[in-house]
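Both ligands and their constituent atoms are indexed starting at 1 by order of listing.
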Amino acid sequence: MDPLSNKRIVNLLLCWFFIGVSCNSVEKKIYVHLNYTVPCVRLLNATHQIGCQSSLSGNVGVLHVLESEENLDWVLKTGRNPPYLVILESPLFTRSIMMKLKNGSGRVAGVAVVAPNSNPLEGFSPHTTCPNENTGVYSENYDPTMAHCNVTKWNPLGNGLAYEEFDFPIFSLKDDNETQIIRQCYLDHNRPVNGSTPQYPLCAMQLYSHMSAVTDTATCMRRNDINFSISPEMVCDPLGDYNVWASTRPINNTEKGHKMWESVVIAAARLDSRSFFFDIAPGAESGASGFVTLLAAAHALRNATQQAQPNRTILYTFFQGETFDYIGSSRMVYDMQNSQFAVDLDNVHSVLEIGQVGLRADSKLWVHSDPVSRRNSSVDEEVAKLIANLKLAADKSNVSVNEPSSSQPLPPSSFQRFLRARSIPGVVLEDHQSAFTNRFYESMYDNAEYLNMSYPPNLTPEEQLEYVTETAKALTEVATTVARALYMQAGGGEPQLSSISADPNIVTRLLYGFLVRSNNSWFQQLLPSDLMSQLANRPTNLYVGVSQQFSEPTLLVQHLLANLTGSVVNVTQDDCQNQRQDENDKENKHIYYYMWVQGAAPPNSTQREGFCIRSTVRLSKALSPAFDLREYTSKDYSTWTESRWKSIKGRIFLVASHDLEMLTLGVGFAVLLTSFVLTYVISSKADMLFSSGREPTTATY
Ligand SMILES: *[C@@H]1O[C@H](CO)[C@@H](O)[C@H](O)[C@H]1NC(C)=O
Ligand SMILES: *[C@@H]1O[C@H](CO)[C@@H](O)[C@H](O)[C@H]1NC(C)=O
Ligand SMILES: *[C@@H]1O[C@H](CO)[C@@H](O)[C@H](O)[C@H]1NC(C)=O
Ligand SMILES: *[C@@H]1O[C@H](CO)[C@@H](O)[C@H](O)[C@H]1NC(C)=O
Ligand SMILES: *[C@@H]1O[C@H](CO)[C@@H](O)[C@H](O)[C@H]1NC(C)=O
Ligand SMILES: *[C@@H]1O[C@H](CO)[C@@H](O)[C@H](O)[C@H]1NC(C)=O
Ligand SMILES: *[C@@H]1O[C@H](CO)[C@@H](O)[C@H](O)[C@H]1NC(C)=O
Ligand SMILES: *[C@@H]1O[C@H](CO)[C@@H](O)[C@H](O)[C@H]1NC(C)=O
Ligand SMILES: *[C@@H]1O[C@H](CO)[C@@H](O)[C@H](O)[C@H]1NC(C)=O
Ligand SMILES: *[C@@H]1O[C@H](CO)[C@@H](O)[C@H](O)[C@H]1NC(C)=O
Ligand SMILES: *[C@@H]1O[C@H](CO)[C@@H](O)[C@H](O)[C@H]1NC(C)=O
Ligand SMILES: *[C@@H]1O[C@H](CO)[C@@H](O)[C@H](O)[C@H]1NC(C)=O
């Protein structure tokens, strides 16, 4: 080896140990850091781990741009320089190829998928064919013929990739200049010509996404407890967030489990979605179409429910974490049963859930109900009334309300968690008769483009915000139908119906805000100034995330719902933020929630004029009861946790020779081994600490 490469090796060694500290001069020549990388991360449940991860020091592999499925042979068998880091164009990101790569993981260092700039023509869903198969109502006990999607496979295109475990990192890259650099590097250095082995230096890529948690939730929660006794270092966190709810009649929120004289009609939608990759989950059809419709319906009902208050209260609920075994709805039902929620389960009169409603063919809506609970005649009667109300509400509009076959069970829905507890009458509104019409269920392509939200060219973002799309018009009709049906369901009279209609301007702004960019002038006005950093120039990510933080969709829906159902009150910022009562009511903090939002700036000023909103909007925990009960192997409740990680990054560089590569790998191993030894030493010490700390307490028993 010449002196220069010796020097490089020393430099590289230093880099490995003090990444990014002492090696700038050399590193800049060798490395290109990837700026936009979205990883797939490790999730765990009671029995499995899914997702991806790299080794502690990142996985390094020689770049190989896969051209076709046949080309896999090079990666899995014939290529002479394994391990390979495989670059996949999105059409090749299929189950068949991914499972072959998984099987040959000794020769695969990682995978980078180039996300296309427009949606594919054929369907793609990395979800399972039977979402939340084991945690809905259709168990063997409820009705064996309906368990496991026996009657209808709801998501026939589901390939289950998002529930597989990979022991190498998988990243998504945007198709842009960065990706072009990668392709060029491959063409210049690595492309085999006429089957010959390419010569060093080769272009290599390194991906870092090391995950701290392993095996399953019980294991990682135990490690959390152990670690906590030495340092507050966690290895995994439960998935979860907050449900958002509001009522048309104020409910004393301090008084839990209160049996009220009036009953409650629940209007529900889900807030979350997911995709294969961590932070791209637009959920346009699977999530947004439903909750945007419900927000617009709540707004349409504001005047009517204030002027001619119907006898039943309408409870708007937006459930978080439903993708992961119904986290939000199972928690609310649990709280309702255990006097931890303002409304008792006994007070629930009926449930109207809005599912996926954005892709209606022939303007048809389908009302799904549960054939098992309908065998009881009193439940059947109430369900029939609810359906009749929906049909009446859709009368004279472009929407037609239809019923699927009476033997078909409910699609995956939050309502199933209510049914698990009790035979409550209810229906789920969808745009599909049997299997989903959504061809991109829980994938990154379930986006604004898929909902056909298109804007004339050359509009500024502010003009787009106000532009009423065809999609918005169609959803407005659904929202009007929902609002009118809810009003009748709550006991309101028919004469008021014609005054209830949803506003297409609101619907179009909501769709724009969630599916195109949340950083727009409307959303800015409705948030407090300290939450401005939550807004972004991209679609909202609907992945639920971990329970320590409020996620973006929760905060947005909370503030939007307050604006759309609440009223502006004249109190000072201080009083507002401290939940102090205004003059009209006593003990308001039990009844209302006050929030100070920053408002708009008047035309000739840059100073925003904030105001105080009084509403019944509240947040309630959407954390699976399994974590409160410490039942980490629960079969009834969601047990999903997300692993923690330290860094997610990627870079490409040239590998000078095989020796050098081996050396870097060797050093990587050394780092890994050292850390294993360290971890072992620390955790064995922790065991000692842990048990010696507990002994005195056990001794007292
Ligand atoms: C996995 O790889 C082994 C050889 O390494 C092969 O025999 C086996 O058929 C492969 N399995 C699948 C499912 O491809
Ligand atoms: C439903 O499942 C049971 C057993 O799990 C099976 O015997 C039955 O044939 C299935 N029915 C249908 C319609 O697939
Ligand atoms: C955990 O997830 C795996 C993968 O999706 C699934 O096969 C398994 O049934 C789940 N375990 C439980 C207890 O839900
Ligand atoms: C990408 O490359 C093109 C031409 O090579 C250039 O015009 C454009 O500015 C580049 N974009 C970025 C984000 O660097
Ligand atoms: C990443 O960003 C930095 C600065 O923002 C830029 O200098 C660098 O060229 C970018 N890398 C790529 C591959 O585009
Ligand atoms: C590859 O092989 C073909 C025929 O076998 C030959 O014509 C061509 O020149 C070869 N290309 C290179 C770059 O060697
Ligand atoms: C709400 O409930 C709390 C706790 O039961 C009670 O102290 C308070 O007086 C109630 N407020 C109203 C307005 O009913
Ligand atoms: C609600 O009532 C107010 C006046 O009381 C009116 O200005 C507003 O337009 C009404 N909104 C709807 C949606 O009907
Ligand atoms: C609402 O309740 C009142 C009093 O309980 C009753 O007189 C009235 O008939 C009810 N209205 C409807 C529409 O049920
Ligand atoms: C809702 O927001 C609009 C601004 O878009 C504002 O004019 C209106 O007063 C707000 N209403 C409430 C009740 O917050
Ligand atoms: C708000 O309250 C202040 C003092 O309480 C009063 O001076 C002001 O006129 C009120 N504003 C409105 C719009 O009612
Ligand atoms: C804003 O401008 C208008 C006329 O353009 C003027 O009448 C008004 O006083 C101005 N308001 C403030 C707060 O400067």
With a heavy-atom distance limit of 4.0 Å, tell me whether [X] approaches ligand 10 through its side chain, its backbone, both, or neither.
X	result
Ser567	backbone
Asn563	both
Leu526	side chain

[X] heavy atoms, cut-off 4.0 Å: which ligand 10 atoms fall inside?
X	value
Ile613	14 (O)
Gly566	13 (C)
Trp522	5 (O)

Using a strict threshold of under 4.0 Å (side-chain N to carboxylate O), is an ion pair present between [Y] and [X]?
X	Y	answer
Glu642	Arg274	no
Glu353	Arg417	no
Asp335	Lys256	no
Arg630	Asp225	yes

Just which atoms of ligand 7 are under 4.0 Å from any heavy atom in Glu255?
2 (O), 5 (O)
Quick one: sort the Phe418 and Phe319 rings into parallel, tilted or perpendicular, breaks at 30° and 60°.
tilted
Over all heavy atoms of both residues, which pair between Thr480 and Ile500 is shortest? Give the atoms and the distance, please.
CG2-O, 3.7 Å
Does a sphere of radius 6.0 Å around OH in Tyr334 hold more than 12 heavy atoms from other residues, nucleotides or ligands, not counting ones at 6.0 Å or beyond?
yes
Can you sort out which atoms of ligand 11 are near Asn570, meaning under 4.0 Å from one of its heavy atoms?
1 (C), 2 (O), 3 (C), 8 (C), 10 (C), 11 (N), 12 (C), 14 (O)
Taking atom 6 (C) of ligand 7 as the point of reference, which of Asn253, Thr254, Asn252, Ile251 owns the nearest heavy atom?
Asn252
Criterion ring pair (Phe, Tyr, Trp, His ring centres under 6.0 Å) on Tyr450 and Tyr445, from CA distance to verdict
CA-CA 7 Å; Tyr450 186 46; Tyr445 310 123; 9.5 Å; no
Any idea which protein heavy atom is nearest atom 9 (O) of ligand 10, and the distance to it?
Val568 CG2, 3.7 Å
Among protein heavy atoms, which sits nearest to atom 4 (C) of ligand 10, and what does the distance come to when rounded to 0.1 Å?
Gln525 OE1, 3.1 Å
